[in-house]
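Here's the structure, in structure tokens; my notes come after.
Numbered from 1 within each chain, the chains take letters A, B, ... in sequence-line order.
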Amino acid sequence: MIKIYNTLTQQKETFTPIEPGKVRMYMCGMTVYDYCHLGHARVLVAFDVVSRYLRSRGYDVTYVRNITDIDDKILRRAEENGEPFTDLTERMIDAMHEDEAKLGVLPPSKEPRATDYIAEMIAMIKTLIESDHAYVADNRDVYFSVESFEDYGKLSKKKLEDLLAGARIDVQEAKRSPADFALWKAADEGEVSWPSPWGNGRPGWHIECSAMSTHCLGDTFDIHGGGPDLMFPHHENEIAQSECATGHRFVNTWMHAGAIRVNKEKMSKSLGNFFTIREILETYPPEVVRFFLVSSHYRSQVDYSEDNLAEAGRSLARLYHALRGIEPMRSEDVSETEHDQRFVELMNDDFNCPGAISVLHGLANDINQHRREGREDEARQAARVLIRLGDILGILQQNPDAFFQADTGGELTAEDIEAKIQARADARKAKDFAGADRIRDELAEQGIILDDSREGTSWRRS
RNA sequence: GGCGCGGUGGCAGAGUGGUCAUGCAGCGGACUGCAACUCCGCGUACGCCGGUUCGAUUCCGACCCGCGCCUCCA
């Protein structure tokens, strides 16, 4: 029994898919006008884990994550760059795919792009106009009439009168109500546009997600997720559009990830305090970044700092140490253990990854203990379980040596290091400990740490 | 101002009405030529004040502090 915290009801609920055995989920993806930052990575990883976990529990998951490839910010950036907006978006989509792959984020089942769904958006807008939920304004924009939907605000718990009273809402002449939002924006001469019954224009931001999710998943689907800052107005508006257009409940479970913070402030584009995934990957291995992200619950906010990332690296290293130099037993020879059960118990409770990681550490401890006491089979079995559970979180799938010895731009090659290790072994054999220690110290200065064991000496980059 | 979330040991971070989170760092011991790795062990943790209770970090209320949303942002 899986429980998920539903933003809509503000409580954990037992998850019951609409269609038994199948899960239909949608996540709001990126607006591709710039490189992804850590906040994006957070959401990407969080929902990647959700989909992996649900699949591991036997669900047939259809995971749709859109790409917003038309938007004012994109047009502005392309204009600044002096390039067609499609060049910009193609480049950023490629970059995003690269970043995702590095972080171990599996491709979604479908990745619809807004520009491929203009017709569906227009159809939906038409329906909304026909049912008086939307209107064509004097400036040729089409707006959704917020007052026509009595549940408006149910997700973000906002009251319409409070929103209307809010001094920060821009009162546009053309809108009937200041809280109304654009479904279709009329294009000026020379602007990027598509033909529509209301003249040339481009879609508003929110309508694309309603059109794409409905088209790919149906009027009602199981899970809709996204970043914390999408709850209002984006998701609120999606609900309004979709429920008015289809007449059905839009989404059963709403999931929102917590924010990444830097110095106690939310990492965001507007504050400019963001770190892109690629710049962080210049310093930290991708798996460490992912481990850092899954080390805290998806709904809680996490503080980005070098120290926290470094600590995540040390914690992950402990897990890989346990796996090093061991041949895991074949999966089919390892049945479910109490560690698996504990892991599932924790993950069933709203995807408690930090708790699940504690199970992984328990497994590492078991492996080390078994090996120390010569129980090779037990160790190999536990190693299999560790790798199997790690896979659900998207970690621990590398060869441990590859993890420890990944080239971080040091001057020494693996061959150099092996040669020095041999030289040290010779010195030790000759009881020249001073000489042996000198070699070890020299390597340490280059960031190479040696681990001796009965089987020999292994090395890793610090 | 409205709405929402959170304050756990040196740090990170789960969780629970009454024996254990877990990791990092630290300390002691074992192992080691010495280290590293590993193993064993250690540390008056639950913002503050009341209330409920046999018993509260966990439930209720007040208070203090921090954060988020209310505008484009994952």
Side-chain angles (χ1 to χ4, degrees), chain A residues 7 10 27-31 33-34 36-47 68 71-73 76 153 156-159 161-163 165-170 179 205 225-234 236 256-261 264-272 274 291-292 295-297 299-303 305 307-319 321-322 324-325 342 346 349 352-362 364-365 367-369 371-373 428 431-434 436-437 440-441 444 449-454 457-460 462:
Chain A
T7 309
Q10 300 177 99
M27 194 206 116
C28 290
M30 287 349 114
T31 299
Y33 69 103
D34 205 344
C36 294
H37 60 65
L38 230 212
H40 299 113
R42 210 297 162 83
V43 181
L44 252 10
V45 169
F47 290 98
T68 299
D71 152 279
D72 289 357
K73 288 187 295 296
R76 199 182 318 134
S156 56
K157 317 298 173 226
K158 295 187 189 308
K159 293 197 188 83
E161 61 253 41
D162 293 339
L163 287 172
R168 297 169 78 185
I169 288 182
D170 203 20
W205 174 32
D229 32 25
L230 295 184
M231 197 163 104
F232 186 90
H234 187 55
E236 196 69 71
H256 291 93
I260 299 280
R261 306 196 312 168
K264 307 284 182 196
E265 278 184 327
K266 190 182 80 162
M267 180 182 288
S268 74
K269 292 276 192 183
S270 28
L271 288 172
F274 61 90
F291 188 78
F292 166 69
S295 291
S296 52
H297 187 89
R299 277 192 287 116
S300 63
Q301 51 190 13
V302 309
D303 286 294
S305 77
D307 283 354
N308 292 348
L309 228 31
E311 189 188 311
R314 287 190 293 270
S315 184
L316 179 62
R318 178 169 188 273
L319 263 20
H321 261 299
R324 204 172 192 190
R342 180 71 186 134
L346 288 157
D349 184 12
N352 184 351
C353 291
I357 288 171
S358 77
V359 174
L360 266 35
H361 279 291
N365 191 254
I367 294 170
N368 292 331
Q369 225 170 350
R371 291 172 99 180
R372 193 183 166 78
E373 291 163 20
R428 290 177 74 199
K431 297 266 189 266
D432 174 18
F433 294 120
D437 289 352
R440 186 171 64 197
D441 292 343
I449 295 167
L450 302 185
D451 297 312
D452 291 335
S453 74
R454 289 190 207 95
T457 299
S458 58
W459 61 275
R460 61 192 152 97
S462 61

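Nearest to the side chain of A:R440, among B:rG33, B:rC34, B:rG68, sits B:rC34. Of the listed nucleotides (B:rG33, B:rA30, B:rC67), B:rA30 has the atom at the smallest distance from the side chain of A:R372. For A:P233, the side-chain atoms get nearest to B:rC72 when compared with the rest of B:rG33, B:rU22, B:rC72. Residue A:S296 places its side chain closer to B:rA14 than to any other of B:rA14, B:rA36, B:rC24. For A:S300, the listed nucleotide lying nearest its side chain is B:rA14; candidates were B:rA14, B:rC39, B:rC69. Proximity note for A:K73 (side chain, C-beta onward) versus B:rC72, B:rC34, B:rA74: the nearest is B:rC72. Among the nucleotides B:rA14, B:rU22, B:rA36, the one closest to the side chain of A:D452 is B:rA36. Side-chain atoms of A:Q301 lie closest to B:rC67 of the nucleotides B:rC70, B:rA35, B:rC67. When distances run from any side-chain atom of A:K158 to the nucleotides B:rC69, B:rG13, B:rA74, the shortest one goes to B:rC69. Closest contact between the side chain of A:S315 and the listed nucleotides B:rC37, B:rG23, B:rA14 involves B:rG23.
Of the possible donor and acceptor atoms, one in the side chain of A:N368 sits under 3.5 Å from a partner among the backbone N and O of A:A364. The main-chain N or O of A:E311 is never found under 3.5 Å from a side-chain atom of A:S315 such that the two would form a donor-acceptor pair. A donor-acceptor pair is defined here as one N or O able to donate and one able to accept, closer than 3.5 Å; no such pair exists between the side chain of A:N308 and the backbone of A:F292. Counting only distance, with no hydrogens or angles, the side chain of A:E236 and the backbone of A:G153 share a donor-acceptor pair below 3.5 Å.
An OP1 or OP2 oxygen of B:rC40 is reached within less than 4.0 angstrom by a side-chain nitrogen or oxygen of A:N365. Of the side-chain N and O atoms in A:N368, one or more sit less than 4.0 angstrom from OP1 or OP2 of B:rC39. A:H361 has no side-chain polar atom (N or O) that falls below the 4.0 Å cut-off from OP1 or OP2 of B:rU22. Using a 4.0 Å cut-off, no side-chain N or O of A:S462 falls inside it from OP1 or OP2 of B:rA36. Side-chain N/O atoms of A:R318 include one lying less than 4.0 angstrom from OP1 or OP2 on B:rG23. Applying the 4.0 Å criterion to OP1 and OP2 of B:rC69, one finds that A:K266 has a side-chain N or O inside that range.
Counting non-hydrogen atoms under 4.0 angstrom, A:L44 reaches nothing in the nucleic acid. A:G258 comes within contact range of at least one nucleobase, with a heavy-atom separation under 4.0 Å. Using a 4.0 Å heavy-atom criterion, one finds that A:F232 contacts the sugar-phosphate atoms exclusively. Among the heavy atoms of the strands lying under 4.0 Å from A:R460 are primed sugar atoms or P, OP1, OP2 only; no base atom is included.
Rounded to the nearest Å, the gap between the P atom of B:rG9 and that of B:rG51 is 25 Å. Here the separation of B:rA21 from B:rC46, taken at their C1' atoms, is 13 Å to the nearest Å.
Using N1 to N3 plus N6-O4 or O6-N4 for Watson-Crick, or N1-O2 and O6-N3 for G-U wobble, each under 3.5 Å, B:rC39 pairs with B:rG29. The partner of B:rC54, taking Watson-Crick or G-U wobble pairs whose two distances both stay under 3.5 Å, is B:rG18. For B:rC49, the paired nucleotide is B:rG61, the pair qualifying as Watson-Crick or G-U wobble because both relevant distances are below 3.5 Å. Nucleotide B:rG66 has B:rC5 as its partner under the Watson-Crick or G-U criteria, with both atom distances under 3.5 Å.
Between A:Q10 and A:H321, the residue anchored nearer the 5' end of RNA chain B, judged by the nucleotide with its closest heavy atom, is A:Q10. Heavy-atom distances to RNA chain B give each of A:Q369 and A:E311 a nearest nucleotide, and the one nearer the 5′ end belongs to A:E311.
Residue A:A322 comes nearest to A:I367 through the heavy atom pair O-CG2, 3.3 Å, listed as atom of the first residue, atom of the second, then distance. Across every non-hydrogen atom of A:N352 and A:L346, the tightest pair is CB-O, 3.2 Å. Minimum heavy-atom separation, A:R428 to A:A436: CG-CB, 3.5 Å.
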